[in-house]
Structure formats: C-alpha cells, structure tokens
S.K.: 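Before I ask anything, let me first share the structure, which is written out below as structure tokens.
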Amino acid sequence: MKGIDFPIVKTKPPKSSREFDLTDPAERKVYFQEKVPKEIAELKDYFRDNTFVAYLLGKKMAGKGTYTKLLAEIFGSDLIKHLSVGDLVRATDQVKDDQKAKDELFNYLEKNYRGFIPLEEAFEAFINRDTSTLLPTEFILALVKREIELAGRVNLFIDGFPRNMDQISYSLYFRDLINYRNDPDIFVLIDLPEAVINERIKFRRICPVCNSSRHLTLFPTSLIEYDEENNEYFIKCDNPECEPHRMVGKEGDDKGIEVIKDRLVMDDELIRKAFGLHGVPKVLLRNAVPLDIVGEMVDDFEITKEYVYSGKGKDITVEQKEWIMIDDNGIESVSLLPSAVVVEFIKQLHSILIG
C-alpha cells in the first residue's frame, strides 16, 4: 500500500528447516512452535492475567477472520474471540422469529442505546434487515458492547467496526466513556493486493457452521472430495473445533472485485486514517512478497500455490503450481499463506504487549 511502510514478512530461519503442510492443523501446531516458540510461550503467560481489544482493518477478503481463527488454534478459543459486526447484523435471522430473544435484545438496547434516531425505528430496520435505513453508529456501538459483555474476559478481535472514518476515533472514545474494560487497544492493519482479493473472492469457501473461511484453489483444507452429481471438487471444514461440513461459496463471488470497487476505495481510506491516529499501537501485516527477494524471506512451503485436482473418490490427487501475481505497485509478487502472516502477527503482538 502506497504511503504506509508495511514490513515484508521474514520467517525463513538461518538454517533450512523441515517442510510443513500448512493446510493440516496438526502440522500448523508444530510449525508455529518452531517459528515463534518464545513469543507464543510469553504471550500465553501474559494472557493468564491480561487481555486486549484489537480492531481489524483491511480490505474485503484480507483474511481477518482467518488470522483470528489461527490465533485461536495457537492460544485457545477460550482466550481468542473474533467479533464480526457484519455477522452480528446478519444474525438477526436468529432473533427475528424468537420473540423472547427479540424482547431481551430490545430491553438491552433500551437501556444502552443513545442516538438521534428513535430506538423503535432503528430496531425495526435492524430486525427487518432494511438496507435503505443506515443503522446509526450509536446503535452498532450498543450491539458491540452487548457482545463484549457476552464474550467475557477474552482477547477480542473486532472485525467490521469502525466502518467509516468518523467512527475510528469515536469507537475508541466510546470504550473509554463506558469504562467497560481497561485493556490496551490495538489497530491491526492488513495490506493485500487487489489481484489477490479478486482471486480469493472467486473461489472462497465458507463453513456454514463455524464460518471458517478457506479457498478452493489457493488455500484448501486437508479434506477434499468430488461431487459426482455436479461434476466438481469441494472442500470440507477441518477446524478441529467444528465438524467436516461441506464448505460453500457465496452468491455473486464469481464476479470478483468488480462489484466492490467502491468499498475497496473506502477500506483503503480507513486504513490510512487509522495509521495516522496517534496513541494507539499498530500491527502492520503484509500478505505479498516481491518475487525477486522471496527466496531470502520465506520458505517455499509458506508461499501460496495454486492447487489443481484430478481423480475421484479415494483416488483424488492434488498438484501445486506456482502462483505469481502483480501487486498494487505493479511488482511481480507472491502471496503468503495465512500461517506465515500469523507468524509476523505474533511477533508484532508480542512486541506491543510484552516488549
């Protein structure tokens, strides 16, 4: 991203290490322990008595949920929680037909919502998913506050808020105002080339139960099967805390980034605004490494490959091809697998929280 110096990820050790299959949860566990053992041990010790709140800011498909889930693998889901504001709003379907849950939510908002739009009007738009009515910031804040209370004492990664530039300082002020948790705030800013976003959208797959996000051709799970009826390969969720459900695409994904161009511009502005805010430590994550230096920075197995499938049933074979893309600065680059970026994530978290 122009104007912000995102560090290039360096995970390659002085001496060559063994290769890891980063699609395999068991392999990832060993991988993280080899790459950042000291940082993991000291952060685990820190989390016994301390928590923090991180605001995840990155363009669509930047991997915010994936990075959080990988951190939960490392430190435990009892210590790491991903709070998606988008999922929070979409979860109205679970409340809409449950009058008791609906009443409980309204009663909470009645006590905590402070805004210029009448609560009844905002609540009606929220329940009915009325996209013509923009939910006020104060309403979203009250929803987030409720989720923070329900989460308990865990490290929170808030995804999807702030959602515009005015809300950046407003959200931080809100936390101070309610004095709910005296935790350090951290901005996590993620730089991802649009070429990667386009590819990720077209072939992304989501677990319908745990919402884990993976990719059919660039970052599959370890569970690959063939659908005879539809003549297509598919992947199943391999989250150790979930079940092997078939992962599915989202409607409209085949169009790539064309339908979200305006949003990408706004996301870019949000990242720049957050970067310029003083007093809040920042984790800067970069997904791409220039092709001419990749050999000295990362191991080959940490680079995103294109997966090509053949065969059926028990005879499915998987081949990997090199995937090179052009980043936003016009430089030939490779994209890193999420696990490699999380190594850098852990290093920077450790530096901020422990020093």
S.K.: Any side-chain heavy-atom pair from Val144 and Ile158 closer than 4.5 angstrom?
M.R.: yes
S.K.: Any side-chain heavy atom of Leu22 within less than 4.5 Å of one from Glu27?
M.R.: no
S.K.: In terms of side-chain geometry, is the basic nitrogen of Lys29 or Asp24 positioned less than 4.0 Å from the acidic oxygen of its partner?
M.R.: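 Looking at Lys29 and Asp24, the cut-off is not met.
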S.K.: May I ask you to check whether Lys69 and Asn239 show a side-chain donor-acceptor distance below 3.5 Å?
M.R.: no
S.K.: Are Leu43 and Tyr31 linked, directly or through other ILVMFWY residues, by side chains that come within less than 4.5 angstrom of each other?
M.R.: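 The answer is yes; both residues are in one hydrophobic cluster.
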S.K.: Please determine whether a side-chain nitrogen of the Lys or Arg among Glu322 and Lys305 lies less than 4.0 Å from a carboxylate oxygen of the Asp or Glu.
M.R.: no
S.K.: Cluster question for you: counting only ILVMFWY and a side-chain heavy-atom cut-off of under 4.5 Å, with indirect links fine, are Ile293 and Trp323 together?
M.R.: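 Not linked; separate clusters.
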S.K.: Tell me, do Leu57 and Phe187 make a side-chain contact under 4.5 Å, heavy atoms counted?
M.R.: yes
S.K.: For atom NZ of Lys60, decide whether the heavy atoms of other residues, nucleotides or ligands shown that lie under 6.0 angstrom number more than 12.
M.R.: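 Counting neighbours around NZ of Lys60, more than 12 heavy atoms of other residues, nucleotides or ligands fall under 6.0 Å, so yes.
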S.K.: How far apart are the closest heavy atoms of Ile316 and Gly311, and which atoms are they?
M.R.: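 It is CG1-O, 3.7 Å.
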S.K.: Does the side chain of Pro290 reach to within under 4.5 Å of the side chain of Ile8, using non-hydrogen atoms?
M.R.: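 Heavy-atom side-chain distance check passes, below 4.5 Å.
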S.K.: Could you walk me through whether Asn155 and Lys81 pass the side-chain hydrogen bond (donor to acceptor under 3.5 Å, both in side chains) test, one step at a time?
M.R.: CA-CA 6 Å; Asn155 299 293; Lys81 180 176 176 61; over 6 Å; no
S.K.: Quick test of your reading of the model: are Asp191 and Lys59 salt-bridged, counting only N-O distances below 4.0 Å?
M.R.: no
S.K.: Between Lys10 (side chain) and Glu296 (backbone), is there a donor-acceptor pair under 3.5 Å?
M.R.: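 Indeed, once roles are kept as given, a pair shorter than 3.5 Å links the two residues.
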S.K.: Taking atom NZ of Lys282 and atom CD1 of Ile186, what is their separation to the nearest 0.5 Å?
M.R.: 11.0 Å
S.K.: For Glu243, is the CD atom crowded, meaning more than 12 foreign heavy atoms sit under 6.0 Å from it?
M.R.: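 Open: at most 12 neighbouring heavy atoms sit under 6.0 Å from CD of Glu243.
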S.K.: Salt-bridge test for Glu302 and Lys35: reply yes if a basic N is under 4.0 Å from a carboxylate O, no otherwise.
M.R.: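 The answer is yes: the pair qualifies as a salt bridge.
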S.K.: Using the rule side chain to side chain contact (heavy atoms under 4.5 Å, CB included), only one of Asn287, Ile257, Asp267 pairs with Ile197; which is it?
M.R.: Ile257
S.K.: Flag the pair Glu269 and Lys273 as a salt bridge only when some basic side-chain nitrogen lies within less than 4.0 angstrom of an acidic carboxylate oxygen.
M.R.: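 The answer is no: the pair does not qualify as a salt bridge.
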S.K.: Mind checking whether Val308 and Tyr233 sit in one hydrophobic cluster, side chains of I, L, V, M, F, W, Y counted as touching below 4.5 Å?
M.R.: no
S.K.: So does Arg200 pair up with Glu194, basic N to acidic O under 4.0 Å?
M.R.: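 Here Arg200 does not pair with Glu194 in a salt bridge, since their nearest N and O are not under 4.0 Å apart.
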S.K.: Can you tell me if Asp5 has over 12 outside heavy atoms packed within less than 6.0 Å of its CG?
M.R.: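 Not buried by this count: 12 neighbours or fewer within 6.0 Å.
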S.K.: Can Glu319 and Tyr309 be counted as having a side-chain donor-acceptor contact under 3.5 angstrom?
M.R.: no
S.K.: Check Asp253 with Lys202, please: is the shortest side-chain N to carboxylate O separation under 4.0 Å?
M.R.: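 The answer is no: the pair does not qualify as a salt bridge.
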S.K.: May I ask you to test the Ile346-Ile74 pair for a side-chain heavy-atom distance under 4.5 Å?
M.R.: yes
S.K.: Show, in sequence, the C-alpha distance, side-chain angles and deciding distance for Arg263 and Glu258, and conclude whether the salt bridge (charged side-chain N to carboxylate O under 4.0 Å, His left out) test is met.
M.R.: CA-CA 10 Å; Arg263 175 174 171 178; Glu258 291 306 313; over 6 Å; no
S.K.: Please tell me whether Met61 and Leu56 are part of a single hydrophobic cluster in this structure, the criterion being side-chain heavy atoms less than 4.5 Å apart.
M.R.: no
S.K.: So does Phe47 get a backbone contact from the side chain of Thr51, meaning a donor-acceptor N/O pair under 3.5 Å?
M.R.: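 Checked: no pair found.
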S.K.: List for me each residue that meets ring-ring contact (aromatic ring centres under 6.0 Å, His included) alongside Phe106, sequence neighbours excluded, and say none if there are none.
M.R.: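 Residues passing ring-ring contact (aromatic ring centres under 6.0 Å, His included) with Phe106: Phe123.
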